[in-house]
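Below you'll find the structure, written out as structure tokens, and then a few comments.
Excluded from the calculations below are hydrogen atoms, water molecules and symmetry mates; all remaining heavy atoms, backbone and side chain alike, are included.
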Number of protein chains: 2
Amino acid sequence: MTMNDQTLKDSLTKLKGTGVRITPQRHAILDYLIKSTAHPTADDIYKALEGKFPNMSVATVYNNLRVFREVGLVKELTYGDASSRFDFWHKDHYHIICTNCSKMVDFDYPGLDEVEQLAKHVSGFDVTHHRLEVYGLCPDCKK
Amino acid sequence: MTMNDQTLKDSLTKLKGTGVRITPQRHAILDYLIKSTAHPTADDIYKALEGKFPNMSVATVYNNLRVFREVGLVKELTYGDASSRFDFWHKDHYHIICTNCSKMVDFDYPGLDEVEQLAKHVSGFDVTHHRLEVYGLCPDCKK
DNA sequence: TTACTACATTATAATCGTTATAAAAAAGTG
DNA sequence: CACTTTTTTATAACGATTATAATGTAGTAA
């Protein structure tokens with residue numbers, strides 16, 4: 001069993017545990033998200049699966065992405081462009097994004113706890129999480 | 001002359017310098033953005049100015065926000081919710097955002113240069129800037 | 001001041017991502 | 001297998017943003 005298979009199995013177990021039914025569509029969307037490294041939009045997912053599910057509705061994709069997000073399996077990314085992108089929540093990491101072609105590369109960075117502490121102190125908020133992205137020109141677009 | 005007046009004057013000079021004509025609408029939108037601390041949406045701005053410009057089109061607001069963004073006077077903020085928010089670029093700062101009521105508080109934090117360096121090293125990108133937000137529950141919503 | 005020209009504004013329609021609705025289908029349980 | 005509840009589908013609605021074409025105006029130079 002590959003690592004991705006294991007991740008899928010764990011995810012399905014987690015879903016069942018929260019009372020979410022496992023449909024073939026959900027299975028396929030999750031599988032696609034786990035394997036993807038491309039930060040797909042809802043439409044990307046819809047198109048990728050229309051071979052296997054010719055009758056699937058876009059609404060199904062959106063509904064399930066929302067379910068996955070609520071359960072914490074998937075992260076929704078909103079950048080400047082029109083549509084949201086969805087990442088399977090493999091583990092916390094950051095993105096660097098090309099301002100010309102939108103290519104994304106993942107990178108890790110040890111926690112920005114200090115920033116969260118400062119923000120908490122300044123604002124009086126109960127801090128839960130943060131979001132960070134770095135922007136620039138990718139090697140291809142430099143030319 | 002107040003600080004805001006000076007900022008407005010400087011902004012108009014900057015616009016003229018790039019060949020952008022100063023119309024009453026542009027003047028008013030800039031003025032509103034400079035004074036605002038509320039991170040308004042395009043519609044907020046439209047509504048706020050309809051008293052002064054009963055015939056102004058939403059398209060004018062959007063067009064000019066794009067112009068201001070391209071010139072570097074205004075920053076566009078895209079969060080999960082439906083519409084973008086626009087900030088006059090007073091100086092770089094970060095936001096902490098309430099996940100319940102969307103209230104925003106500004107805070108400063110000395111540069112995250114180290115993060116940019118790491119991202120550059122990992123990805124080979126030419127880094128230009130980054131974006132960071134902190135999320136949590138504001139004092140009012142804790143109750 | 002006037003006249004000119006390029007750029008801006010307006011009004012409107014179109015577009016596109018996303019969500020709501022209601023009927024039909026299927027998952028899970030006993 | 002039958003039942004109940006959730007899910008899917010198909011479609012329409014929605015809301016933010018952009019495109020279009022006609023009209024108006026800022027800036028400029030005579």
Contacts under 3.5 Å, N or O only, protein and nucleotides 17-22 of chain C:
unit_1 : atom_1 : unit_2  : atom_2 : d
C:dT18 : OP1    : A:Ser84 : N      : 3.0
C:dT18 : OP2    : A:Tyr62 : OH     : 2.3
C:dT18 : O5'    : A:Tyr62 : OH     : 3.3

#### Entry: B:Asp5 and B:Lys9 ion-paired at < 4.0 Å
no
### Task
Determine which pairs satisfy side-chain hydrogen bond (donor to acceptor under 3.5 Å, both in side chains) with at least one residue from residues 11-22 of chain B, sequence neighbours left out, and list them in order.
none
### Message
Within this structure, what is the CG-CG distance for the pair A:Leu30 and A:Asn4, rounded to the nearest 0.5 Å?
### Response
11.5 Å
### Query
Which residue pairs pass the salt bridge (Lys or Arg N to Asp or Glu O under 4.0 Å) test when at least one of the two sits in residues 39-48 of chain A, sequence neighbours left out?
A:Asp43-A:Lys47
## Note on the structure
Its 5'-most and 3'-most nucleotides having an atom under 4.0 Å from a non-hydrogen atom of chain B, DNA chain D is contacted over D:dA16 to D:dG27
#### Entry: ring pair (Phe, Tyr, Trp, His ring centres under 6.0 Å) pairs, two or more places apart, involving residues 28-50 of chain B
B:His39-B:His95
Just the atom pairs and distances: protein N or O near nucleotides 27-30 of chain C's N or O, under 3.5 Å.
unit_1 : atom_1 : unit_2  : atom_2 : d
C:dA27 : N3     : A:Arg21 : NH1    : 2.9
C:dG28 : OP1    : A:Ile22 : N      : 3.0

### Side chains of A:Arg26 and A:Leu12 in contact at under 4.5 Å (non-hydrogen atoms)
no
### Atom NE2 of B:His129: over 12 foreign heavy atoms under 6.0 Å
yes
### Message
For A:Phe125 versus B:Ile97, what's the shortest heavy-atom pair and its separation?
### Response
CE2-C, 3.6 Å
### Message
Any non-hydrogen side-chain atom of A:Phe68 less than 4.5 Å from a side-chain atom of A:Val20?
### Response
no
### Task
Only pairs at least two apart or in different chains count here, so list each salt bridge (Lys or Arg N to Asp or Glu O under 4.0 Å) that has a residue in residues 95-110 of chain A.
A:Lys91-A:Asp108, A:Lys103-A:Asp140
### Query
What bend angle does the helix from C:dT1-D:dA30 to C:dG30-D:dC1 show across its length, from five-pair end axes and to the nearest 10 degrees?
40°
### Task
Check B:Leu73 against B:Phe88 and note the closest heavy-atom contact, atom names and distance.
O-CD1, 3.5 Å
#### Entry: Separation of atom OH in B:Tyr46 from atom C1' in C:dT10, rounded to whole Å
10 Å
### Query
Below 4.5 Å, heavy atoms only, C-beta onward: do A:Leu137 and A:Cys98 meet side chain to side chain?
yes
### Message
According to salt bridge (Lys or Arg N to Asp or Glu O under 4.0 Å), does anything in residues 58-69 of chain B pair up with another residue at least two apart or in another chain? List the pairs.
### Response
B:Arg69-B:Glu76
Check residues 48-61 of chain A and write down every donor-acceptor pair under 3.5 Å in which the side-chain atom is one partner and the other belongs to a residue at least two apart or another chain.
unit_1  : atom_1 : unit_2  : atom_2 : d
A:Ser57 : OG     : A:Ala59 : N      : 3.1

### Query
Nearest-Å distance, CZ (A:Arg26) to C1' (C:dA25)?
14 Å
### Query
Looking at residues 31-39 of chain B, who's got a heavy atom less than 4.0 Å off DNA chain C?
none
Please tabulate, one pair per line, all N/O donor-acceptor pairs under 3.5 Å involving side-chain atoms of residues 111-121 of chain A, not counting sequence neighbours.
unit_1   : atom_1 : unit_2   : atom_2 : d
A:Glu114 : OE1    : B:Tyr109 : OH     : 3.2
A:Glu114 : OE2    : B:Tyr109 : OH     : 3.4
A:Glu116 : OE2    : A:His130 : ND1    : 2.7

